[in-house]
Every structure is written in C-alpha cells, then in structure tokens.
Chemist: 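My structure is below; once you've seen it, I'll send some questions.
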Amino acid sequence: GTCGLYPESNLSYNSLHPFLVPRRREVKMFCRMFPYKTYRALALVVAEIVVMPLCAVATPNFTGTWKLNEIQRAPGKDAPRGIVFKIEHKESLFKYTATGLTSQGDPFTEALQFTTDGKPHPGPGSTQGSARWQGPVLVIEFTQADGAPLATVRYQLTAEGRQMIRETIIKIHGSEEPHREIYDRQ
C-alpha cells in the first residue's frame, strides 16, 4: 500500500517531486520513519526546504573583459568588428560597456545596465530591455517604445568559462534574423 501521504491516484511522489525521484522502497522507508500523516507532511516540507536550494541551478558570473573571436564568426556577415565587452555582474545587477567598430568602420560605444529580475530598464535609444534567467542562460528582451518586440539576446558561458556565447535574434518586419558571436575571456 501507500503511506497515506500519496494515496493511490494519478499523482505519484515522482510526478510531484521529480528532482528527488525516489524508489518505491525509499517511499516505504519514509512512511515507516514518519507513521502519522501530520509528521509525514511536516517532514516532506522540511525536506523540500533543505533539498530545493541544493537542486537550484547556479547562475554564471559574466564579470570580466570579453573580446569578439573574429575567427569563429560566421563568414560574410556585414556586422560590427573588434567588439570588446567589459561586464560587471553582481547578481542581480548586470552592467556592460561594449566598444568596437561598426560595419562601416566607425567606432561605437554602448553602455547598458539591467537587473536580472525581469523588470524593464532603458535600452539603446527609446527601447526598453528586461533581463531574466533561463537556467544558466541570461536572456535580455528588448522592446520598442510602443512595446513591440525588437530583439532577444542570450548570454551563456561555455563549460570551462573561457568563452561567452552571445546569440541575438533581431525581429524586423515580422521576420527574425539570428546572429551568433563568441567572445574570449581576456
């Protein structure tokens, strides 16, 4: 039988708590350890409080200087060159200054600041941007002044942390134009 906490139904311990994924034997042992429903429920709540932080995905820290890897850039792209990002990242603040050359060879500088809580912040020109985490990926959504989507930028680090991948999807006239850049830690 069951321990009473999860009576026979479509809901199982595994479907409610997939990060623990216990075996049937472990559930029975849990039931013997906590014979009363109240104690079992309390023990489950305490277990979740202790286990959930251990299961949380750590967010990477992008702090540092990152230089565009021109060799790994897609060929034939008419895009800015020589880009260097200087990033300050102290959770929940994400701030950067980017410098480089436009596709016409003119120097540019862009400085932006976000918090990773999804709240809107001023973007370039009259745009707004909001940043949030999707697992270990920082996603920044840019919208136009009227709220229409403009671009999505995704930042992530490689496993060893020596490269930053910056994927941008620009939304123009109902179509999407993707760009992928790889930056080396300096």
Side-chain angles (χ1 to χ4, degrees), residues 18-19 48-49 51-186:
F19 57 89
E48 285 184 18
I49 291 170
V51 173
M52 283 300 281
L54 299 175
C55 296
V57 176
T59 56
N61 188 318
F62 293 96
T63 296
T65 301
W66 302 88
K67 185 175 182 186
L68 178 64
N69 185 320
E70 301 282 351
I71 296 169
Q72 291 184 319
R73 175 178 236 164
K77 287 282 186 181
D78 185 27
R81 300 278 178 208
I83 302 171
V84 175
F85 273 87
K86 291 186 180 175
I87 300 175
E88 287 181 48
H89 182 195
K90 295 176 186 167
E91 196 58 37
S92 73
L93 180 66
F94 183 81
K95 178 166 101 170
Y96 74 79
T97 300
T99 57
L101 300 173
T102 66
S103 57
Q104 292 80 28
D106 300 322
F108 76 89
T109 299
E110 176 180 275
L112 295 175
Q113 176 175 311
F114 302 94
T115 55
T116 59
D117 57 6
K119 292 182 182 172
H121 293 272
S126 61
T127 66
Q128 282 195 336
S130 60
R132 61 183 162 58
W133 289 104
Q134 283 184 348
V137 179
L138 181 61
V139 179
I140 302 176
E141 299 277 348
F142 289 96
T143 57
Q144 298 175 17
D146 65 359
L150 181 63
T152 300
V153 184
R154 300 170 53 87
Y155 294 88
Q156 65 187 51
L157 297 181
T158 57
E160 66 282 350
R162 291 190 302 250
Q163 290 185 314
M164 175 178 72
I165 300 167
R166 183 175 187 257
E167 297 173 315
T168 304
I169 298 175
I170 299 171
K171 300 166 185 174
I172 302 173
H173 308 295
S175 66
E176 294 184 349
E177 185 179 320
H179 299 274
R180 186 173 198 259
E181 300 166 334
I182 297 175
Y183 292 82
D184 297 318
R185 187 182 291 273
Q186 301 299 296

Chemist: Shortest non-hydrogen contact from P80 to R73?
Modeler: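 It is O-NH1, 2.5 Å.
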Chemist: Considering residues at least two apart in sequence or located in another chain, which fulfil the side chain to side chain contact (heavy atoms under 4.5 Å, CB included) criterion with T109?
Modeler: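 With neighbours one apart ignored, the set is T97, T99.
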Chemist: Quick check for you: to the nearest 0.5 Å, what is the distance between I169 atom CD1 and L150 atom CG?
Modeler: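 Spacing of CD1 (I169) from CG (L150) equals 12.5 Å.
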Chemist: Going by distance alone, is a donor N or O of one side chain under 3.5 Å from an acceptor N or O of the other, for H179 and E181?
Modeler: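 Side chains of H179 and E181: no pair found under 3.5 Å.
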Chemist: What verdict does the side-chain contact (heavy atoms from CB on, under 4.5 Å) test give for T59 and E91, after you've listed the backbone C-alpha separation in whole Å, the side-chain angles of each residue and the deciding distance to 0.1 Å?
Modeler: CA-CA 9 Å; T59 56; E91 196 58 37; 4.2 Å; yes
Chemist: Go through the structure and list residues passing salt bridge (Lys or Arg N to Asp or Glu O under 4.0 Å) with R132, not counting sequence neighbours.
Modeler: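 Scan of R132 (salt bridge (Lys or Arg N to Asp or Glu O under 4.0 Å), adjacent residues dropped) gives E141.
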Chemist: Measure the CD-CG distance between Q156 and L138 for me, rounded to the nearest 0.5 Å.
Modeler: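 Going from the CD atom of Q156 to the CG atom of L138 covers 10.5 Å.
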Chemist: With sequence neighbours left out, write down each residue that passes side chain to side chain contact (heavy atoms under 4.5 Å, CB included) with T102, or none if nothing qualifies.
Modeler: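 With sequence neighbours excluded, T102 shows a side chain to side chain contact (heavy atoms under 4.5 Å, CB included) to Q104, D106, F108, given in chain and number order.
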Chemist: Minimum heavy-atom separation for Q128 and P120, please, with both atom names.
Modeler: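 Shortest heavy-atom contact: OE1-CB, 3.6 Å.
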Chemist: Can you sort out the partners of L157 under side chain to side chain contact (heavy atoms under 4.5 Å, CB included), two or more places apart, ordered by chain and number?
Modeler: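 Listed in chain order: P60, F62, W66, M164, R185.
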Chemist: Within a strict 4.5 Å, meaning less than it, do heavy atoms of the S130 and I140 side chains meet?
Modeler: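 S130 does not reach I140 side chain to side chain.
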Chemist: So, using salt bridge (Lys or Arg N to Asp or Glu O under 4.0 Å) as the criterion, who are the partners of E176 when residues are at least two apart?
Modeler: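 For E176, no residue satisfies salt bridge (Lys or Arg N to Asp or Glu O under 4.0 Å) once neighbours in sequence are set aside.
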Chemist: For T127, which residues count as a side-chain hydrogen bond (donor to acceptor under 3.5 Å, both in side chains) partner, sequence neighbours excluded?
Modeler: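 Residues passing side-chain hydrogen bond (donor to acceptor under 3.5 Å, both in side chains) with T127: none at all.
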Chemist: Which residues pass the ring-ring contact (aromatic ring centres under 6.0 Å, His included) test with F85, not counting sequence neighbours?
Modeler: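 ring-ring contact (aromatic ring centres under 6.0 Å, His included) list for F85, sorted by chain: Y96, Y183.
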Chemist: Mind checking side-chain hydrogen bond (donor to acceptor under 3.5 Å, both in side chains) for K171 and listing every partner two or more places apart, or none if nothing turns up?
Modeler: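 T152.
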Chemist: For the CD1 atom on I172, are there more than 12 heavy atoms of other groups (residues, nucleotides or ligands in this structure) within a distance under 6.0 Å?
Modeler: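 For I172, atom CD1 is crowded (more than 12 foreign heavy atoms under 6.0 Å).
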Chemist: Using the side-chain contact (heavy atoms from CB on, under 4.5 Å) rule, take E88 and L93 through it: C-alpha gap first, then chi angles, then the decisive distance, then the call.
Modeler: CA-CA 8 Å; E88 287 181 48; L93 180 66; 5.9 Å; no
Chemist: Tell me every residue that passes side-chain hydrogen bond (donor to acceptor under 3.5 Å, both in side chains) with N69, counting only those two or more places apart in sequence or in another chain.
Modeler: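 Expected list: Q72, D184.
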Chemist: Check side chain to side chain contact (heavy atoms under 4.5 Å, CB included) between E167 and all other residues, then give those that pass, not counting sequence neighbours.
Modeler: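 Side chain to side chain contact (heavy atoms under 4.5 Å, CB included) list for E167, sorted by chain: R154, I165, R180.
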Chemist: Output all residues satisfying side-chain hydrogen bond (donor to acceptor under 3.5 Å, both in side chains) with D117, sequence neighbours left out; order by chain, then residue number.
Modeler: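 D117 satisfies side-chain hydrogen bond (donor to acceptor under 3.5 Å, both in side chains) with T115 once adjacent residues are dropped.
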Chemist: Show every ring-ring contact (aromatic ring centres under 6.0 Å, His included) that has at least one partner inside residues 122-175, sequence neighbours left out.
Modeler: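 Sorted pair list: H89-W133, F94-Y155, F114-F142.
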